[in-house]
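Note that the structure is predicted; figures quoted are calculated from it, not measured. Basis for what follows: all heavy atoms, side chains included, without hydrogens, waters or symmetry-related copies.
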Amino acid sequence: MYDPAIAHIVYASDDGFAEILGVSLVSLFENSRDMRKIQVYILDSGISKYNCERIEEVCIRYQRSLPVWLKARNITEELGMRVAADRGSLSQFARLFVASDLPGGLERVLYLDCDIIFCQSVSLLWNLDMHGKTIAALNDAFSRQYRANINLEPEDVMFNSGVMLIDLNRWKRQKVEERLLKFIAMKQGRIQQGDQGALNAVLSHDVYCFNPRFNSVTIFYDFTYHELYVYRKPAGKYYTEAEIKEATEHPVIIHFTTSFLSRRPWVKDCHHRYCELWRSYKAESPWRDEPLREDNRPRWKKAGIMVFKMMPRRLALYVAGAAQAYWRPLKNKW
């Protein structure tokens, strides 16, 4: 049964992101004291016993229920074929099985990537009107060429799957899991944006695009509104400048997505506006003494960023925008 005072939250992680997941939990519990109960489910792709105990320590500290640990499914084993990640790791494909892996009887769940923190209560998103759609998510800024690669029309919605409010009953009725696996198999395991691409291909017409303050992604901070259009060239209906401004000034969830211009807050020399906020939650976590990570991006990427910053900003945006909106989807046109 759906209960507005009991939130059911799903994360998927491997051991490399266990610390990031733990920090996210600290922010969730710190800012959601109005929620009577928060039940966390973790799709586990090999988290060490040491980090499992630390994650449970966070729940105990905030007097919350221990997480329900669920062994994440391996997409390559499920389909019997090699599947390309394209973005992130294969552990993210575990969320495709969310309806069949979670306990029965749940009507609504909130899926979250590990690289998010809460600034306000989860209740604001948990109790959102989904307008009869299977999921609610952020309308993401992708060009027409990305849509073509996953069989979508130029004006179809493409959403960010890092924060998804899911109507599980509708997900099951619409046979979403079956359709996702069929699409991945049809593409022979090579899909632009990996699991996110598959989700968009299947659910583009069944998503309610919520206010961007529920998933305030890094591009909102790296670029002005005009620059975002030059760089990402979003197709179809997109958010207004006022909505993006509100999302950066009064976010409910901050999502530290990858961006060629930014490091993430667990990496040295991060300059994101909310970097210190993430680190303040880390300081309250069992990983407080863990050192920040090194920037391990390839040298060619670091060199490209240096060139971008040396060029006139307007010219650099047009060059980077051409690579982002045209060259990358062309490269991934499998």
Task: Arg144 with Glu153: basic N within carboxylate O range, under 4.0 Å - done: no

Task: Residue Gln188 excluded, over 12 heavy atoms near CD under 6.0 Å - done: no

Open item on the list: Checking one residue: Ile6. Which other hydrophobic residues are in its cluster under the side-chain 4.5 Å linking rule?
Closed with: none

Open item on the list: I'd like to know whether NZ of Lys172 has more than 12 heavy-atom contacts from other residues, nucleotides or ligands below 6.0 angstrom.
Closed with: yes

Task: Check: Trp287 main-chain N/O paired with Lys282 side-chain donor or acceptor under 3.5 Å - done: yes

Open item on the list: Can you classify the ring geometry of Tyr274 versus His272 as parallel (below 30°), tilted (30 to 60°) or perpendicular (above 60°)?
Closed with: tilted

Open item on the list: Less than 4.5 Å apart, side chain to side chain, heavy atoms only: is that true for Arg170 and Met130?
Closed with: no

Open item on the list: Check this for me, if you would: do Asp113 and Arg95 make a salt bridge, where the nitrogen-to-carboxylate-oxygen distance has to be below 4.0 angstrom?
Closed with: yes

Open item on the list: Let me confirm one number: the OH-CG distance from Tyr11 to Leu112, rounded to the nearest 0.5 Å.
Closed with: 5.0 Å

- [ ] Report yes if the side chains of Ser27 and Leu277 come closer than 4.5 Å at any heavy-atom pair, otherwise no.
- [x] no

Task: Point-to-point distance, once rounded to the nearest 0.5 Å, from OG of Ser161 to CD1 of Ile135 - done: 8.0 Å

Task: Straight-line distance of Cys119 SG to Leu124 CG, nearest 0.5 Å - done: 11.5 Å

TODO: To the nearest 0.5 angstrom, please state how far the CZ atom of Arg279 sits from the SG atom of Cys270.
DONE: 5.5 Å

Open item on the list: Test your reading of the model: is there a side-chain donor-acceptor pair from Arg147 to the backbone of Ser143, 3.5 Å cut-off?
Closed with: yes

Task: Heavy atoms of other groups near Lys302 NZ, more than 12 under 6.0 Å - done: yes

Open item on the list: I need the minimum non-hydrogen distance between Phe93 and Val83, along with the two atoms involved.
Closed with: CZ-CG1, 3.6 Å

Task: Leu110 side chain near Val163 side chain, heavy-atom distance below 4.5 Å - done: yes

Task: Side chains of Ser123 and Asp34, donor plus acceptor under 3.5 Å - done: yes

Task: ILVMFWY network linking Met186 to Ile75, side-chain heavy atoms under 4.5 angstrom - done: yes

TODO: Answer yes or no: are there more than 12 heavy-atom neighbours, outside Lys245 itself, under 6.0 Å from its atom NZ?
DONE: no

TODO: Flag the pair Glu57 and Arg54 as a salt bridge only when some basic side-chain nitrogen lies within less than 4.0 angstrom of an acidic carboxylate oxygen.
DONE: no

TODO: Assess the side chains of Arg73 and Ser100: does a donor N or O sit below 3.5 Å from an acceptor N or O?
DONE: yes

Task: Approximate separation, where rounding is to 0.5 Å, of Ile117 CD1 and Ile20 CD1 - done: 11.5 Å

Open item on the list: I'd like to know if Leu180 and Met81 are part of one continuous hydrophobic network [Ile/Leu/Val/Met/Phe/Trp/Tyr, side-chain heavy atoms within less than 4.5 Å].
Closed with: yes

Open item on the list: Counting only heavy atoms not in Glu155 (residues, nucleotides, ligands), do more than 12 fall under 6.0 Å from its CD?
Closed with: yes

- [ ] Please work out whether the ring planes of Phe256 and Trp266 are parallel, tilted or perpendicular, with thresholds of 30° and 60°.
- [x] perpendicular

Open item on the list: On a heavy-atom basis, which atom in Met311 and which in Val319 lie closest, and how many Å separate them?
Closed with: CE-CG2, 3.9 Å

- [ ] Look at the aromatic rings of Phe260 and Phe308 and report parallel, tilted or perpendicular, splitting at 30° and 60°.
- [x] perpendicular

Open item on the list: With a 4.5 Å cut-off on side-chain heavy atoms, are Leu138 and Tyr239 touching?
Closed with: yes

Task: Shared hydrophobic cluster, Tyr318 / Phe223 (ILVMFWY, side-chain heavy atoms < 4.5 Å) - done: yes

Open item on the list: Quick test of your reading: applying side chain to side chain donor-acceptor pair (under 3.5 Å), list the pairs with at least one residue in residues 213-223, sequence neighbours left out, ordered by first then second residue.
Closed with: Asn160-Asn215, Asn215-His255, Ser216-Tyr221, Thr218-Thr257, Asp222-Ser259, Asp222-Ser262

Open item on the list: Using the rule side chain to side chain contact (heavy atoms under 4.5 Å, CB included), only one of Thr134, Val109, Asp206 pairs with Trp171; which is it?
Closed with: Thr134

TODO: Flag the pair Asp140 / Asn200 as yes when at least one side-chain heavy-atom distance between them is below 4.5 Å, and no otherwise.
DONE: no

